[in-house]
Amino acid sequence: MHKTTQSPLTRMLLENPKQYVSGEMISQQLGISRTAVWKQIKKLESIGYEIEAVTKLGYRLLYYPKAIDHLQIEQQLQGHRLGNVIHHYDVVDSTQVIAKQLAEEGATEGTVVLAEQQVKGKGRLGRHWHSPYAKGIWMSVILRPQIPIQLAPQLTLLTAVALCRAMRTYSGLEIGIKWPNDLLYQGKKLSGILLESSAEDQMLKYVIAGIGIDANLSANDYDEQLALKATSLRLLMGKEIDRTELIQLFLTEWELIMEIYERSGFRPIAELWEAHAISLGQKLSLTTPTETFMGTPLRLTDAGSIIVQLEDGTEKEIYSAEMGEVTSNSRL
């Protein structure tokens with residue numbers, strides 16, 4: 001974790017959990033000015049600490065970040081396909097960029113890149129992914145599937161199924177999938193998936209699967225706009241999320257789903273996806289690169305596209321679109 005986690009101020013706050021420590025006491029014990037104390041508090045807040053400041057009472061530590069234990073994950077997943085090699089960073093531009101470099105250098109399938117923070121996190125369609133320090137799971141995984149490039153969309157849906165199942169198991173919440181790759185609970189986004197691939201002779205050379213999970217974000221980690229459409233597992237469950245445990249659970253589930261895919265093809269995956277989908281059977285707006293229209297998503301195809309019923313009753317196959325907001329986790 002960040003070097004400031006071992007500062008004298010940090011130790012004082014950790015030694016008095018949930019209790020107020022006066023600014024005057026901190027100033028005296030550390031031999032620094034009250035202004036310097038305030039600056040150190042702000043520095044800690046920038047790396048994931050949540051500190052309440054109350055006039056005449058002082059500072060109280062509400063939450064402090066705990067590093068992902070990548071060594072524990074590696075040990076638990078030794079001999080497994082995913083997660084037995086992990087590159088764990090403090091702060092990076094993007095785990096996707098690092099994973100792509102490793103893939104080009106020949107890194108094995110299942111290699112994981114984790115970061116405590118991304119400053120240029122990548123979302124779909126070139127969007128920025130908000131990745132505050134030590135609050136979420138920001139990771140990319142190298143895959144080397146032996147499939148033709150046209151089947152790549154199947155991998156996005158497969159990954160969404162595995163992640164949804166793992167997050168449901170961990171949280172007990174009825175989390176659902178919004179096509180093609182967002183995980184939502186009661187209309188608010190918890191996680192996103194971004195797959196980027198490289199191909200050779202019409203076959204996939206490698207795929208970089210980027211995963212972002214809002215695990216321990218607090219209400220203060222979301223600006224007004226984000227708060228309307230996103231939330232975290234911690235906010236929903238009312239307790240701190242063990243990021244190490246959740247990563248391990250997800251990688252294990254993902255490997256099982258991949259084995260089903262390779263043994264039995266995409267149809268069982270599509271059925272699992274449909275069982276977890278929150279966008280099927282609901283009339284909503286869809287925006288493609290060329291148009292926006294109303295429709296009701298009905299089912300997946302084996303290519304990973306989705307069949308939508310238009311308002312005139314006809315059906316249309318959609319390969320890429322942004323779906324309007326889905327406000328319920330129940331299917332009609």
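Model, not experiment: these values are computed from the prediction. The first residue in the sequence is number 1, and the count goes up from there.
- Within the 3.5 Å criterion, the main-chain N or O of Met167 finds a donor-acceptor partner in the side chain of Ser171.
- Residues in residues 69-79 take part in these side-chain hydrogen bond (donor to acceptor under 3.5 Å, both in side chains) pairs, two or more places apart or across chains: His70-His88.
- With hydrophobic clusters built from ILVMFWY side chains whose heavy atoms lie under 4.5 angstrom apart, Leu298 does not share a cluster with Met294.
- For Gln154 (side chain) and Asp302 (main-chain N/O), a donor-acceptor pair under 3.5 Å exists by modelled atom type.
- Within the structure, salt bridge (Lys or Arg N to Asp or Glu O under 4.0 Å) pairs that include any residue of residues 137-160 do not occur (at least two apart or interchain).
- A search for side chain to side chain contact (heavy atoms under 4.5 Å, CB included) contacts involving Gln117 returns Val91, Val119, Tyr133, not counting sequence neighbours.
- The pair Arg234-Glu50 meets the salt-bridge criterion, with a side-chain N (NZ, NE, NH1 or NH2) lying under 4.0 Å from an Asp/Glu carboxylate O.
- Phe293 CZ: more than 12 foreign heavy atoms inside a 6.0 Å radius.
- Residue pairs satisfying the salt bridge (Lys or Arg N to Asp or Glu O under 4.0 Å) criterion with at least one member in residues 285-301, sequence neighbours excluded, are listed as follows: Glu291-Lys316, Arg299-Glu315.
- The salt bridge (charged side-chain N to carboxylate O under 4.0 Å, His left out) search around Glu259 returns none, not counting sequence neighbours.
- Judged by distance alone, the side chains of Gln118 and Thr95 do bring a donor and an acceptor atom under 3.5 Å apart.
- Closest heavy-atom contact between Ala103 and Ile142: N-CD1, 3.7 Å.
- For the 3.5 Å distance criterion, the side chains of Tyr206 and Glu104 qualify, holding a donor opposite an acceptor.
- Residue Leu228 belongs to no hydrophobic cluster, having no ILVMFWY side-chain heavy atom closer than 4.5 Å to its own.
- Without hydrogens or angle criteria, Asn181 side chain to Ile193 main chain gives a donor-acceptor distance under 3.5 Å.
- Within the structure, side-chain hydrogen bond (donor to acceptor under 3.5 Å, both in side chains) contacts touching residues 156-167 (residues at least two apart or in different chains) are Thr159-Trp254, Arg165-Glu253.
- Using a 4.0 Å cut-off between a side-chain N of Lys or Arg and a carboxylate O of Asp or Glu, Arg81 and Glu262 qualify as a salt bridge.
- Remark: Arg60 pairs with Tyr20, Glu52, Leu62 by the side chain to side chain contact (heavy atoms under 4.5 Å, CB included) rule, at least two apart or across chains.
- Minimum interatomic distance between Ile257 and Ala162 (heavy atoms only, all atoms of both residues): CG1-CB, 4.0 Å.
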Query raised in the report: Given Ile41 and Leu9, is the side chain to side chain contact (heavy atoms under 4.5 Å, CB included) satisfied, shown in steps?
Result: CA-CA 8 Å; Ile41 291 289; Leu9 172 57; 3.9 Å; yes
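- Among residues at least two apart or in separate chains, there is no salt bridge (Lys or Arg N to Asp or Glu O under 4.0 Å) pair with a member in residues 19-41.
- In the hydrophobic clustering of ILVMFWY residues, with side-chain heavy atoms under 4.5 Å counting as a link, Val92 and Val85 come out apart.
- Remark: side-chain polar atoms of Thr111 are paired, donor with acceptor, to backbone N or O of Thr108 under 3.5 angstrom.
- Between the side chain of Lys178 and the backbone N or O of Met323, at least one donor-acceptor pair lies under 3.5 Å.
- Taking the side chain to side chain contact (heavy atoms under 4.5 Å, CB included) definition, one finds that Ala36 meets it with Ile32, Ser33, sequence neighbours left out.
- Looking at Asn220 and Ser218, their side chains never bring a donor and an acceptor atom within 3.5 Å of each other.
- For the pair Lys135 and Glu116, the salt-bridge criterion is not met [side-chain N within less than 4.0 Å of a carboxylate O].
- Ser7 approaches Thr10 most closely through the heavy-atom pair OG-OG1, 2.7 Å.
- Under the side chain to side chain contact (heavy atoms under 4.5 Å, CB included) criterion, Thr301 pairs with Ala303, Ser305, Ile307, Glu317, sequence neighbours left out.
- In the hydrophobic clustering, Met203 connects to no other residue, as no ILVMFWY side-chain heavy atoms lie under 4.5 Å from its own.
- Looking only at distances, a side-chain donor or acceptor of Asn84 sits under 3.5 Å from a matching main-chain atom of His80.
- Ion pairing of Arg168 with Glu174 is present here, as a side-chain N (NZ or NE/NH1/NH2) and a carboxylate O approach within less than 4.0 Å.
- Side chain of Tyr170 to main chain of Asp242: a donor-acceptor pair is present (N/O by atom type, distance under 3.5 Å, no hydrogens or angles).
- Within a 6.0 Å sphere centred on CG of Asp201, heavy atoms belonging to other residues, nucleotides or ligands number 12 at most.
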